[in-house]
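In what follows, a single structure is set out as structure tokens and then discussed.
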Amino acid sequence: MVIPMTVNNDFLAQLNTSQRRAVEHFCGPLLVVAGAGSGKTRALTYRIAHLISYHQVEPESILAVTFTNKAAREMKERIEKLFAQEMAFKKHGIRFDLLNEYEQKQLLSKVYKSTTKKLWIGTFHSLCTRILRYDINKYQDERGRQWQRNFSIFDESDAQSLVKNIVTKQLNLDDKKFDPRSVRYQISNAKNLGLSPDQYLQKNPSYKSRVIAEVYNEYQSQLAANNALDFDDLILIPVRLFQQNESILGYWHSQFKHILVDEYQDTNQIQYELIRLLATNGETKKSEWNWQNRSIFVVGDADQSIYSFRMADFTILLNFQSDFGDGLPDDDTRTMVKLEENYRSRENILEAANHLIENNSQRIDKILKPTRGSGDFIYCYKADDEQIEAQLVIEHIQKLVRENPELNWGSFAILYRINAQSRPFEDRLIMNSIPYNIVGGFKFYDRQEIKDAIAYLRLIANPSDTVSLLRIINTPRRSIGKTSIESLLKAAQELEIPLWEIISDETSVNTLAGRAAKSVNKFAQMIKSFQEQLDSLSGAEILNQVMEASGYVDDLKQKGTEEADNRLANIFELYNAVLQFQEDSEDQSLQGFLSNASLASDLDDLKEGQEKVSLMTLHSAKGLEFPVVFLVGLEEGLLPHARSVSDPLSLEEERRLCYVGVTRAQEQLFLTYARERFVWGSKEAKMPSRFLQELPSDLIKSNVPPKVVKSRPSLTTSSPKILKQSNETWSVGDQVIHQVFGEGEITRILGSGKKSSLAIKFPGLGQKIIDPTIAPLKRNE
DNA sequence: CGCTCCCCCATTTTT
DNA sequence: TGGGGGAGCG
């Protein structure tokens with residue numbers, strides 16, 4: 001598809017110099033250091049559009065890796081729109097938004113078919129899944145284990161129970177000494193470093209590691225037996241495959257000519273290895289690299305690296321210059337661009353953010369340069385406990401909505417360190433019937449009935465998936481009891497074949513299952529019939545039919561409880577999700593939907609323009625922005641989290657987390673903390689977070705009298721005035737309580753004598769002129 | 001053999 | 001504070 005160059009000139013004109021350098025980059029390596037709100041998504045999308053329309057790059061040879069599915073979707077949509085705008089001008093000679101709805105849709109769908117559909121945009125996990133659906137059958141691990149293309153993706157709880165079973169049942173270990181959760185974590189970390197069980201043991205020689213390596217090894221065997229992979233394998237296996245098979249690597253290397261990585265600071269070793277292999281074809285000598293018609297373009301911000309618990313390593317970003325780039329100092333380099341202009345937040349917010357992050361030692365020097373006005377103060381409130389904290393925040397939101405027509409519920413975000421903090425806010429939002437959206441916590445796909453339904457689908461798609469089989473063989477009740485299952489399972493284990501192979505064979509079942517045989521056979525027959533129709537029925541049809549045929553729906557209908565009704569509704573919602581997926585991706589296969597479902601995150605369905613207050617963790621908030629942000633629970637032990645305070649590096653990550661929170665705010669930022677808080681059912685006294693002291697005090701208005709009273713010289717142009725009236729004396733900087741407007745601070749004294757009045761700034765309400773002789777004011781101590 | 005009740009344990013962040 | 005697992009009962 002060829003698009004006229006005139007278009008490019010249009011969109012390039014909207015960019016600043018640095019953005020333009022990034023967008024116009026064609027071949028070779030480039031690191032884009034992109035501060036919060038500096039328009040990095042714009043740089044990414046424009047560059048992709050530019051590659052295609054100006055440099056005539058084939059869309060299918062572009063690989064763009066994002067951190068969330070949502071980011072991937074947004075990027076596709078934005079690129080789609082860019083091209084549609086171009087085409088509108090070219091074909092109809094008018095602006096895209098002036099076309100009627102039908103013409104718009106038609107253009108978008110045309111662009112989708114010709115361009116965006118062919119782009120490889122997605123998360124590491126989803127892109128790797130796509131690669132594995134082609135090539136996993138060519139892979140063999142160090143112990144000869146193999147997988148088939150229809151592999152299942154095990155979620156964290158599947159993985160967890162597998163590990164737990166190995167630790168406690170198979171190896172009979174003391175689960176106090178070998179906590180299954182921590183063992184699982186160790187295994188995950190090993191995989192993220194690219195280590196096999198043996199390599200892990202070699203690197204950490206100790207008794208404990210020997211045991212963990214043993215569990216790891218057995219865990220891999222069980223995954224293979226289920227023809228299943230965990231999240232980490234999705235990336236580890238392509239890397240191993242590329243390392244062991246030159247021609248497969250060669251194929252994908254020549255497929256992906258232009259590689260873009262968003263949130264590069266959050267990549268871990270194995271992801272880095274994947275990118276390195278694809279970009280360089282595995283050639284380690286830098287001098288041998290051929291960048292002709294190829295590029296590696298990464299975008300990131302070390303100050304927003306908040307995923308080290310997932311083995312993310314921002315030194316990978318810090319090393320980009322020496323890894324891929326020219327390694328020259330900042331002023332001379334041609335392989336790095338810094339985006340420092342911030343288009344999101346008010347100056348006061350940026351100043352606070354810059355000030356805070358300067359307390360970190362490990363970073364690339366970079367400041368956020370304001371492009372908007374200074375804005376209001378940052379307000380900081382101390383509450384007695386988490387209930388009062390929530391009340392304060394919600395009342396404030398109501399007040400702001402009442403008094404600012406440009407704000408609606410969707411303008412607000414409440415950000416916290418841990419999910420458990422959400423409850424009091426939720427309670428109060430419900431009490432006041434304010435619509436809200438909570439991201440995280442329990443996910444849709446974690447619900448029992450959804451996991452059951454998915455288990456049916458997984459078993460149909462992948463008969464080796466014994467974990468799924470065991471989940472649903474007697475759900476709903478088919479009087480297939482423990483003992484019958486036990487004996488079938490034992491046979492399968494002895495023969496080292498998947499349980500399904502026993503269960504799907506009538507004779508074997510008759511021999512082993514006793515009275516349950518009839519039920520087992522009937523069940524197997526049902527699953528078989530769906531397996532036969534795997535290619536002829538769509539995912540949605542299979543789901544619909546299997547939920548009926550299995551008796552799952554009838555079972556719930558018969559129960560008739562409110563809970564059962566809810567579950568039915570959820571299953572229907574799942575059905576809608578399959579339909580939606582089929583429509584969006586044009587992928588009708590069950591397989592496609594299952595992969596998508598496994599990799600879906602809660603954040604992905606956070607819809608914009610919903611006019612709902614958003615509640616989420618700081619981690620979930622990355623990449624988002626809101627006019628008004630409440631950063632809550634700023635207490636020692638919470639932010640920074642108690643588990644991080646003893647380690648300087650973790651503490652820096654907590655500070656980055658706080659920085660991420662601060663930089664989400666466009667217009668106004670509120671900070672809150674509680675004096676005491678319920679933790680595990682008992683009240684605990686809390687100290688204000690150390691990060692509060694790291695913010696510039698002259699930008700912050702607090703409801704706690706500061707120890708040293710500082711007035712802002714910039715606000716009082718003349719020498720400080722004092723207003724004396726009746727028996728009260730008022731001066732600039734005084735904290736007051738107004739009967740109607742609440743707490744405020746005197747910012748100015750106007751006039752003199754009888755005619756004088758006070759300018760008082762009320763948090764969130766702005767500045768008001770008040771005559772203290774008419775409106776009673778109280779001093780706020 | 002399945003269900004319910006009770007006790008104990010756990011909370012950092014997530015693709 | 002809630003969910004999961006184990007024990008005991010119907």
Side-chain angles (χ1 to χ4, degrees), chain A residues 65-72 122-129 153-157 159-161 164 168 175-176 179-182 185 188 191-192 229-236 262-263 266-268 270-271 304-312 386 415-424 427 439-443 445-446 448 474-486 515-516 595-604 616-623 633 637-645 647 650 653-654 656-658 660-661 677-684:
Chain A
V65 191
T66 60
F67 196 66
T68 62
N69 295 304
K70 182 171 172 264
T123 61
F124 273 106
H125 295 86
S126 67
L127 294 164
C128 284
T129 300
I153 301 170
F154 276 8
D155 65 24
E156 199 42 50
S157 72
Q160 200 70 248
S161 53
K164 190 174 177 187
T168 58
D175 65 358
K176 289 267 162 3
D179 173 26
R181 288 185 331 126
S182 115
Y185 188 57
S188 178
K191 287 184 175 186
N192 282 321
L229 303 177
D230 66 18
F231 282 149
D232 307 316
D233 288 329
L234 293 175
I235 296 154
L236 178 60
D262 191 13
E263 308 282 13
D266 285 324
T267 51
N268 59 38
I270 198 73
Q271 292 165 339
Q304 291 186 71
S305 163
I306 54 175
Y307 281 96
S308 74
F309 67 92
R310 220 163 76 186
M311 291 272 98
E386 77 280 356
L415 308 181
Y416 37 77
R417 178 66 178 84
I418 64 172
N419 280 308
Q421 282 172 264
S422 69
R423 189 141 305 145
D427 291 344
V439 176
F442 48 79
K443 291 180 208 138
Y445 289 100
D446 284 342
Q448 200 190 125
N474 199 31
T475 310
R477 303 264 105 88
R478 299 186 176 88
S479 48
I480 302 173
K482 220 179 183 172
T483 42
S484 317
I485 294 172
E486 215 52 64
R515 264 193 303 157
S595 304
N596 186 266
S598 318
L599 302 174
S601 78
D602 210 51
L603 191 63
D604 296 334
M616 69 187 88
T617 62
L618 288 163
H619 285 89
S620 299
K622 192 162 76 157
L638 208 47
L639 184 65
H641 193 272
R643 298 208 183 185
S644 308
V645 289
D647 170 30
S650 312
E653 179 145 320
E654 296 290 307
R656 291 194 291 270
L657 212 38
C658 187
V660 166
R677 174 183 295 276
F678 263 98
V679 185
W680 297 323
S682 59
K683 246 183 210 293
E684 255 180 42

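Residue numbering restarts at 1 for every chain, and letters A, B, ... go by the order of the sequence lines.
- In this view, Glu486(A) satisfies the salt bridge (charged side-chain N to carboxylate O under 4.0 Å, His left out) rule with no residue, not counting sequence neighbours.
- Whole-Å rounding puts the Asp179(A) CG to dC9(B) C1' distance at 11 Å.
- OP1 or OP2 of dT13(B) lies within a sub-4.0 Å distance of a side-chain N or O belonging to Asn419(A).
- By the side-chain hydrogen bond (donor to acceptor under 3.5 Å, both in side chains) test, Glu386(A) pairs with no residue at all, sequence neighbours left out.
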Provide a list of protein-nucleic acid N or O atom pairs under 3.5 angstrom, restricted to nucleotides 1-5 of chain B.
unit_1, atom_1, unit_2, atom_2, d
dC1(B), OP1, Thr483(A), OG1, 2.2
dC3(B), OP1, Arg477(A), NH1, 2.8
dC3(B), OP2, Arg477(A), NH1, 2.9

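- Partners of Phe678(A) according to the ring-ring contact (aromatic ring centres under 6.0 Å, His included) rule, which considers only residues two or more places apart in sequence or in another chain, do not exist here.
- Annotation for Arg478(A): atom CZ counts as buried by contact number, over 12 foreign heavy atoms lying within 6.0 Å.
- In this structure, Lys191(A) atom NZ and dT15(B) atom P are separated by 18 Å, rounded to whole Å.
- Counting to the nearest Å, the P atom of dT15(B) and the CD1 atom of Ile306(A) are 11 Å from each other.
- Across dG4(C) and dT13(B), the matching P atoms stand 16 Å from one another, rounded to whole Å.
- Note on Phe67(A): only backbone sugar-phosphate atoms sit closer than 4.0 angstrom, heavy atoms only; bases stay farther off.
- Partners of Asp427(A) by side-chain hydrogen bond (donor to acceptor under 3.5 Å, both in side chains), not counting sequence neighbours: none found.
- In this structure, Glu654(A) and His125(A) both approach DNA chain B, and ranking their closest nucleotides by distance from the 5' end singles out Glu654(A).
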List every contact pair, protein side and nucleotides 6-10 of chain C side both N or O, where the distance is under 3.5 Å.
none

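- An OP1 or OP2 oxygen of dT13(B) is reached within less than 4.0 angstrom by no side-chain nitrogen or oxygen of Ser620(A).
- In the set dT15(B), dT1(C), dT13(B), the nucleotide with an atom closest to the side chain of Arg423(A) is dT1(C).
- Judged as a salt bridge (charged side-chain N to carboxylate O under 4.0 Å, His left out), and not counting sequence neighbours, the contacts of Arg677(A) are Glu389(A), Glu635(A).
- Under the 3.5 Å distance criterion, with hydrogens and angles disregarded, a donor-acceptor pair is assigned to the side chains of Asp647(A) and Ser650(A).
- When distances run from any side-chain atom of Tyr307(A) to the nucleotides dT14(B), dT1(C), dT15(B), the shortest one goes to dT14(B).
- In this view, Asn596(A) satisfies the side-chain hydrogen bond (donor to acceptor under 3.5 Å, both in side chains) rule with no residue, not counting sequence neighbours.
- The ring-ring contact (aromatic ring centres under 6.0 Å, His included) search around Phe67(A) returns Tyr307(A), not counting sequence neighbours.
- Out of dT13(B), dT15(B), dT1(C), the shortest distance to the side chain of Phe309(A) is found at dT13(B).
- The separation between Leu599(A) atom CG and dT14(B) atom P is 16 Å, rounded to whole Å.
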Taking Watson-Crick (N1-N3 plus N6-O4 or O6-N4) and G-U wobble (N1-O2, O6-N3), each under 3.5 Å, can you produce the dot-bracket string of DNA chain C? Use [ ] for crossing pairs and | for inter-strand ones. .|||||||||
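- With sequence neighbours left out, the side-chain hydrogen bond (donor to acceptor under 3.5 Å, both in side chains) criterion links Ser308(A) to Glu653(A).
- In this structure Ile418(A) satisfies the side-chain contact (heavy atoms from CB on, under 4.5 Å) test together with Ala420(A), Gln421(A), Leu638(A), His641(A), sequence neighbours excluded.
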